[in-house]
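First comes the structure, then the notes that go with it.
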Amino acid sequence: MDYTIVSADVGNANIKIKSAHGKTDFPHALIELTGSQIERLQMGSELPKSTYLINGHYYAIGEQAVRSGAGAARYGAARYVPEYYGALIAIGLFRVLPHDTRNIYLLGTHTVQDKVYKADMIEAAKQTWTVENQGIRRVFRIANMITANESDMHYRFATLADSGLSFRGSDRIRRGSCAILDIGGLTTALSVADDGKIDHTAGDTRMRGVLDALDELGRLLRSKYSREFKQTRTLNPLRLRDALMDGEFDAGGLGILDCAVEAEEASNIVVSDLLKFFDDWGGSASYDSVLLAGGGGALLRQRIQAGINHRNVFLTDQNIDQMFMGAAIGGFRTLQLLEAKGKL
Amino acid sequence: MADKPYSFRMDKPSQLSLRTALEHYLAENEADNKSQQLINLVKDALIEKGYFSEEGRQSTQDAIAELRNEINDRIEQRVETSRRTIEDFVRNLLKDTERIATINRASESIANGEEIGDDILQNILEGLE
């Protein structure tokens with residue numbers, strides 16, 4: 001059967017979706033709008049871009065969702081229901097598939113600890129979705145779905161080439177033992193691969209992610225430059241990302257603000273936990289290579305490299321933005337491989 | 001000064017892209033002669049330091065620290081004209097170079113054409129639920 005393959009990484013911080021037509025990411029926050037909220041919105045000429053009509057229900061995503069009420073960001077088992085996980089997947093499909101698509105084969109990723117919810121994930125997503133946004137209506141049917149561990153998909157992203165049919169990257173992460181450290185928005189995961197094969201019995205997750213560091217840096221910056229930021233409601237998250245890496249915050253018209261000490265302090269929250277986590281799993285002496293994955297792996301790479309003191313530390317990609325999307329792209333390449341080998 | 005005319009493409013970190021970026025900067029930037037002289041010195045220093053040689057990769061932090069001192073010394077010796085422009089340039093250049101040096105060492109992301117074997121395929125299938 002001919003399928004349209006799509007991969008989805010519904011992370012705790014961002015939702016990342018990849019299809020052959022492109023990729024998208026949007027913040028993890030979704031809420032179903034109440035009747036009065038919809039009426040208020042409909043008084044305007046057009047509904048906001050972040051409002052979607054899904055199977056007859058109105059939803060808001062991102063900042064609009066957060067402003068619309070409590071419970072916009074759900075975690076753990078609470079989110080694996082059609083009106084949350086399913087709706088987020090439906091919005092992702094709308095953004096990466098330009099037409100009605102009936103035969104979708106979806107790969108959804110989860111953290112190690114969420115593996116127990118795989119049946120709930122599938123039940124929440126596998127159905128027909130009618131999505132409307134900005135006057136455009138599309139219908140999607142998820143015909144099949146499989147799930148996979150998020151950090152496994154980061155490893156596939158680092159090792160499978162674009163088509164999924166051949167290897168890419170350094171031999172050194174496919175020979176001997178490799179520790180995969182996946183630092184996401186709110187979680188950090190560790191997986192192990194031996195000679196290119198992931199040990200599916202090993203792996204663990206901790207509730208600490210790069211958003212903790214970015215939040216802390218934001219707080220420290222506001223405290224240090226309270227006068228400069230008096231009129232600033234929110235600090236630009238992309239500039240905060242750069243500041244965490246470089247120790248300088250580009251405050252636009254206010255100039256470049258030094259925050260080297262603050263960036264170090266904020267990063268340490270995550271890095272020190274990560275180092276302890278890594279040590280609990282044997283530390284540098286136990287692995288021939290270490291692969292840093294996820295958005296946090298990209299942002300904190302220099303500090304992690306310095307901390308773990310290992311000769312062979314690799315990144316899943318040389319493009320930092322791609323690293324953020326790593327699990328979704330890795331999932332997509334995995335599906336490409338399975339499709340080519342007749343295993344779908 | 002234009003917005004990062006010397007920015008390096010993160011997906012192609014190589015000595016060639018460093019040279020190209022520097023040449024691009026020199027061609028695009030209307031720096032005066034003194035600025036150009038200094039930028040030339042920086043360019044030569046970066047390349048002579050062997051940032052992209054094996055030795056350069058293995059002691060990136062030392063090399064960057066050494067280079068930063070050298071550049072600071074040279075800035076001190078120069079006149080104030082375009083000082084801010086040069087400092088911005090050097091600061092961003094070092095920032096990008098540090099990123100590239102790390103990434104260059106950490107990632108060798110080139111498709112190598114070797115086909116996925118059945119053992120790996122089997123391992124992938126075992127990981128899917």
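Letters A, B, ... are given to chains in the order of the sequence lines, protein chains preceding strands, and every chain is numbered from 1.
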Do you know which two heavy atoms are closest between [X] and [Y], and how far apart they sit?
X	Y	result
Lys341(A)	Glu115(B)	NZ-OE1, 4.0 Å
Leu128(B)	Ala148(A)	CD2-CB, 3.7 Å
Leu125(B)	Lys343(A)	CD1-CD, 4.1 Å

Check: What's the spacing between Ile116(B) CD1 and Arg333(A) CZ if we round to 0.5 Å?
Finding: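 Reported to 0.5 Å precision, the distance equals 10.5 Å.
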Heavy-atom distances under 4.5 Å only: say whether [X] touches chain B with side chain, backbone, both or neither.
X	value
Lys197(A)	both
Leu107(A)	side chain
Leu160(A)	side chain
Thr334(A)	side chain
Leu338(A)	side chain

Given the options Asp152(A), Ile198(A), Leu337(A), Ile124(B) meets side-chain contact (heavy atoms from CB on, under 4.5 Å) only with Leu337(A)
> Should we say atom CD of Glu123(A) is surrounded by more than 12 heavy atoms from elsewhere, each under 6.0 Å from it?
Replying inline: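 No.
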